[in-house]
There are 2 protein chains.
Amino acid sequence: MSDKNKSEVTINDIARALGISASTVSRSLNDSSKISEKTKSRVREMAVELGYELNLVASSLSKSKTNLIGVIIPRLNSQFFSQAVSGIEEVARQSGYQIIICQSNEDFTKECEMAKVLYSTRVDGVVACLSKETTTVEHFNVFIQKKVPVAMFDRVSYAIEGPKVVVDNYEGAYRATEHLIASGCTRLAHLAGPQNCKVFQERAEGFRDALKKAGLPLLPRHLLASDLNEKDVRDSMALWMGLKEAPDGIFTASATSGLLMLNLVRNYNVRVPEDMAFISFGNEPCNELITPSLSAVDMPGLDMGKAAAKHLVDAIEKKQNGDGIFLKPIQLLIRNSSFR
Amino acid sequence: MSDKNKSEVTINDIARALGISASTVSRSLNDSSKISEKTKSRVREMAVELGYELNLVASSLSKSKTNLIGVIIPRLNSQFFSQAVSGIEEVARQSGYQIIICQSNEDFTKECEMAKVLYSTRVDGVVACLSKETTTVEHFNVFIQKKVPVAMFDRVSYAIEGPKVVVDNYEGAYRATEHLIASGCTRLAHLAGPQNCKVFQERAEGFRDALKKAGLPLLPRHLLASDLNEKDVRDSMALWMGLKEAPDGIFTASATSGLLMLNLVRNYNVRVPEDMAFISFGNEPCNELITPSLSAVDMPGLDMGKAAAKHLVDAIEKKQNGDGIFLKPIQLLIRNSSFR
DNA sequence: GTGAAAGCGCTAACAG
DNA sequence: CTGTTAGCGCTTTCAC
C-alpha cells in the first residue's frame with residue numbers, strides 16, 4: 001500500500017507499517033531473545049512483504065564490524081594460489097565472512113596500496129601471502145596497531161604478529177635433493193628463486209645441505225638465483241647446457257619453472273631421467289599429465305588456505321591474536337622425471 | 001598531544017585540532033576545488049599527524065556507494081576462471097573498485113545465497129558466471145529491481161538485462177568438429193556438458209551441425225550428455241571403447257574432460273591421433289605440455305573478465321545499463337592430438 | 001518485552 | 001571558501 005518511491009526499504013518502514021519502534025524491528029530481525037515470538041513473526045512477515053533486505057553497510061558502521069576479510073596474494077593463476085583462495089573463501093563464508101581479493105602481482109608497491117585500501121574498508125582481518133619483492137612489512141602495521149588480525153601463509157614474515165601457515169621449505173628441498181641423489185645424480189643444480197625472499201632462501205639451503213650431507217660438491221654455477229620468470233629459466237637452462245660439467249639432476253624452486261625446463265630440455269639431446277633428472281618445488285595438475293611426468297614437492301594449497309582463514313577467524317572472534325606457526329606437511333611426489 | 005584513547009581517528013578529530021569544521025576537512029580530503037590550497041595542506045598534514053585513515057564504510061553509507069563489485073563464479077581452479085577473475089580484479093581496481101569473490105561451486109542454492117548477501121553488502125554491481133545447475137535467474141532480480149547492474153560472462157542468461165560477454169560456442173564447436181573431419185575422422189563423438197546449460201547446448205549443436213554439413217552420420221551413443229565430472233568422463237570413455245563402432249575423433253565440451261580422456265586412452269591400444277583424434281573446448285596451459293599435445297578451442301578468459309568488468313563499471317558509472325552482447329573471439333589451437 | 005534517543009563516521013545540501 | 005545542519009540505516013544503551 002505505502003508504495004513510496006524511495007529506493008530502499010528500511011527497518012523504519014517496517015516499524016511504521018507495524019506501529020512499533022525501529023529498535024524492536026532490529027531486535028526481531030536479529031532474533032533477540034527478549035522479543036516475543038509473536039512480534040518477531042509479525043516483523044518477519046512484514047519484512048518480506050515490503051521486500052526488506054538488511055543493509056550491511058549501515059550495520060557495519062554501527063557495529064564497527066564489516067564481516068569482510070581482505071586477501072592479498074601475488075596472483076591467482078597458479079594451482080597453489082587458486083587452491084589457497086578457494087580454501088580461504090570456503091571457510092570464510094562458512095564463518096559468515098566475505099572475502100575481498102587483491103592481487104599484488106608480485107609488486108611491493110601495489111601490496112602497500114592494497115593494505116591501505118583494505119584498512120580503509122575496515123576489513124575485520126586479512127590473510128596475506130607476500131610478494132617476491134617484499135622485504136619489509138611496515139605496510140601491515142596499520143592492522144597491527146588497530147588490532148586487526150593478519151594471518152599469513154606460505155610467504156610469511158615473522159616480523160609481525162598473527163598466525164602463520166607454512167610448509168617446511170628447507171625440508172622439502174632437502175628431501176627433493178636427497179631423492180635426486182638417491183636416484184644416482186651426482187652433479188646437482190638448483191634453479192633458485194629471489195634470495196631476498198625467505199622461502200626461496202630456505203629451499204636453496206635445503207639443497208645445499210643435502211649436497212653437503214651426501215658429500216657431493218656444489219659445482220660452479222650450479223646454484224642460480226633468479227626471478228623464475230620465463231627468461232631467467234631459459235637463460236639458466238642454456239647456461240647449464242653449455243657447461244663442461246652440465247648437471248645431471250635439476251631441482252627448481254617453483255612449479256612453473258620446472259615445467260618450462262622440462263619442456264626446454266627437449267631441444268637438447270638429453271634423456272630424462274637417465275641423463276638428467278628433474279624435480280620441482282610446487283606441483284601443478286599438469287605435472288602428472290606430461291611425459292615424462294614431473295616429480296614435485298607438493299604443497300597443500302587448499303589446506304593452507306583453509307588453515308589461514310580458520311586461524312584468522314579465530315583471532316577475529318576470540319580476540320586471541322592467534323599467534324602461532326602452523327606447519328603443513330609437504331609431500332614428495334616421485335614421478336618419471338626423476339625415477340630411475 | 002590529544003592522545004585520546006579512542007580507537008578511531010575521525011575527521012572530527014582533525015577538525016577540532018585545527019579549529020575548523022568537519023565538512024571543511026571532508027572537502028579537503030576529497031580535494032574539493034572550493035577549498036583553499038592552504039587549508040587543504042593544513043588538513044592533510046594534520047591527518048597524517050593524527051594517523052587518520054578514511055573510513056570507507058561510513059563514506060559508503062552516506063554516499064550510498066560502496067565501490068565494491070561482487071563476483072559470482074562456479075570455481076577458481078581452472079585456467080579460464082582464474083584468468084577471468086584476474087582480469088576482473090585488474091580493471092576493477094584500476095577503476096577504484098574492490099571485488100568480493102564468491103564461488104558457487106556449481107551449486108544453484110549457493111549461487112542464490114550469494115546473490116542475497118552481495119545485495120545486502122550493497123555492492124555497486126556484480127559480475128557473474130552461472131553455475132551448471134542454474135536454469136532460472138530470479139535470484140538476480142534483487143539487483144535488477146534496485147538498478148544494480150549485473151554483467152555476465154561465459155555462462156550467461158539473456159533473461160535479465162546487463163552486458164554479456166561471451167564466445168560463440170556454436171562456432172567454436174563447429175570449427176573444432178570441422179577440423180576433426182578435415183583430419184580424416186569419420187566416426188565422431190562428442191562428450192557434451194549438461195544440456196540445461198546453454199553453452200553446452202550450443203557446443204553440442206555446433207558439433208551436430210558440422211557432422212550434418214559434412215554428410216557424416218551421428219552414430220548411436222556418440223553424443224553423450226554428462227556432468228563432465230571425473231566419473232562421467234571415465235564411464236563415457238569406457239562406453240565408447242566398448243562400442244563396435246568406436247569413435248575415431250573425440251570432441252570434449254570442457255578442457256579438463258579432454259585432458260582426462262587423453263590420459264585414459266593410454267590404457268587402450270589406440271594411437272593418438274592416428275586411430276583417435278582429440279580436441280577439447282577450453283584450453284589449459286597443460287594442453288601444450290602433454291604428449292601428445294591436446295588441441296583445443298581457446299577462450300580468452302583474461303579478456304572476457306576484463307571486458308565484463310569494464311562494461312559493468314560503465315554501467316555503474318554512466319548509468320547506462322550497458323546492455324549489449326560482447327562477443328570475444330575464440331581460437332582454434334591445433335596440436336598433435338588431432339593433427340594428422 | 002518494547003520504546004526513545006544517541007551515535008557509528010562521513011557527505012551533502014543550504015547558507016552565508 | 002567555510003560552517004551548520006541533516007541525514008545514510010542500523011545498533012544499542014538506558015528507561016519504562
Side-chain angles (χ1 to χ4, degrees), chain A residues 4-44 46-47 50-68 117 119-124 146, chain B residues 4-44 46-47 50-68 117 119-124 146:
Chain A
K4 29 167 52 188
N5 245 353
K6 284 299 314 294
S7 48
E8 185 145 8
V9 180
T10 73
I11 53 172
N12 294 303
D13 298 323
I14 300 181
R16 204 169 307 126
L18 253 27
I20 60 180
S21 78
S23 13
T24 303
V25 175
S26 175
R27 291 191 187 101
S28 300
L29 261 13
N30 288 306
D31 203 27
S32 157
S33 58
K34 39 181 66 170
I35 295 284
S36 70
E37 271 310 324
K38 196 176 155 206
T39 308
K40 281 188 194 172
S41 56
R42 286 179 61 215
V43 168
R44 279 193 279 257
M46 185 55 76
L50 298 182
Y52 169 83
E53 293 292 345
L54 172 64
N55 184 328
L56 279 176
V57 3
S59 168
S60 295
L61 180 60
S62 83
K63 291 202 292 190
S64 295
K65 174 127 207 275
T66 56
N67 281 68
L68 250 26
V117 346
Y119 179 70
S120 277
T121 306
R122 296 297 189 269
V123 293
D124 292 336
K146 302 297 169 70
Chain B
K4 29 167 54 191
N5 245 354
K6 283 300 314 297
S7 49
E8 183 146 9
V9 181
T10 74
I11 54 173
N12 294 303
D13 298 324
I14 301 181
R16 203 170 308 126
L18 254 28
I20 61 180
S21 79
S23 18
T24 303
V25 175
S26 176
R27 291 190 189 103
S28 300
L29 260 13
N30 288 308
D31 203 28
S32 157
S33 58
K34 37 183 63 171
I35 296 282
S36 71
E37 270 311 323
K38 196 174 156 209
T39 309
K40 282 188 194 174
S41 54
R42 286 179 62 214
V43 168
R44 280 194 278 258
M46 185 54 76
L50 297 183
Y52 170 82
E53 294 290 346
L54 173 63
N55 183 329
L56 279 175
V57 4
S59 168
S60 295
L61 180 60
S62 87
K63 291 201 294 190
S64 295
K65 174 130 207 271
T66 55
N67 279 68
L68 250 24
V117 347
Y119 178 70
S120 277
T121 307
R122 295 300 189 269
V123 293
D124 292 336
K146 303 296 169 73

| request: Give, for atom CG of B:Leu18 and atom OG1 of B:Thr39, the distance between the pair rounded to the nearest 0.5 Å. | output: 8.5 Å
| note | Within residues 55-65 of chain A, the residues having a heavy atom closer than 4.0 Å to DNA chain C are A:Leu61, A:Ser62
| said: Do A:Thr24 and A:Ser28 have side chains that approach each other closer than 4.5 Å (heavy atoms only, starting at C-beta)? | reply: yes
| task | Could you tell me the separation between the CZ atom of A:Arg122 and the C1' atom of D:dC10, rounded to a whole number of Å? | result | 18 Å
| said: Could you tell me how far apart B:Asp13 (CG) and C:dG9 (P) are, to the nearest whole angstrom? | reply: 9 Å
| query | What integer distance in Å separates B:Arg16:CZ from D:dT4:P? | reply | 14 Å
| message | So, does A:Ser26 get its side chain near the phosphate of D:dT11, meaning an N or O under 4.0 Å from OP1 or OP2? | response | yes
| message | Based on the rotation axes of five pairs at each end, what angle does the helix from C:dG1-D:dC16 to C:dG16-D:dC1 bend through, to 10°? | response | 30°
| request: Return the value, rounded to whole Å, for the distance between atom CG of A:Asp124 and atom P of C:dC8. | output: 19 Å
| request: Take B:Thr66 and A:Val57 through the test side-chain contact (heavy atoms from CB on, under 4.5 Å) and record every step on the way to the result. | output: CA-CA 8 Å; B:Thr66 55; A:Val57 3; 4.0 Å; yes
| request: Test for a donor-acceptor pair under 3.5 Å between the base of C:dG3 and the side chain of A:Arg27, counting only N and O atoms. | output: yes
| query | For residues 29-39 of chain B, which residues have at least one heavy atom under 4.0 Å from DNA chain C? | reply | B:Asn30
| field | Options C:dG3, D:dG3, D:dG9, nucleotide nearest the side-chain atoms of A:Ile20 | value | C:dG3
| said: Between A:Thr121 (side chain only) and A:Val123 (backbone N and O only), is there a donor and an acceptor less than 3.5 Å apart? | reply: no
| remark: Taken to the nearest whole Å, CG/B:Leu54 to P/C:dC8 is 17 Å
| task | Would you mind classifying the nucleic acid contact of B:Ser23 as base, sugar-phosphate or nothing, using non-hydrogen atoms under 4.0 angstrom? | result | base
| said: Under the criterion side-chain contact (heavy atoms from CB on, under 4.5 Å), I'd like the reasoning laid out for A:Leu29 against A:Leu54: C-alpha separation, chi angles, the key distance, then a yes or no. | reply: CA-CA 9 Å; A:Leu29 261 13; A:Leu54 172 64; over 6 Å; no
| Do A:Leu50 and A:Ile14 touch side chain to side chain, with heavy atoms closer than 4.5 Å? | yes
| query | Hey, does the side chain of B:Lys40 reach the backbone of B:Ser32 with a donor-acceptor pair shorter than 3.5 angstrom? | reply | yes
| query | Less than 4.5 Å apart, any side-chain heavy atom of A:Asp31 and any of A:Arg44? | reply | yes
| query | How long is the line joining CG of B:Asn12 and C1' of C:dG7, in whole Å? | reply | 11 Å
| task | Output, in order, the C-alpha distance, side-chain angles, deciding distance and verdict of side-chain contact (heavy atoms from CB on, under 4.5 Å) for B:Met46 and B:Val43. | result | CA-CA 5 Å; B:Met46 185 54 76; B:Val43 168; 5.9 Å; no
| Looking only at atom types and distance, does a side-chain atom of A:Ser26 sit under 3.5 Å from a main-chain N or O of A:Ala22, one as donor and one as acceptor? | no
| Test log, rule side-chain contact (heavy atoms from CB on, under 4.5 Å), inputs B:Leu56 and B:Asn67 | CA-CA 9 Å; B:Leu56 279 175; B:Asn67 279 68; over 6 Å; no
| field | Value in whole Å for how far the C1' atom of D:dC8 lies from CD1 of B:Ile11 | value | 14 Å
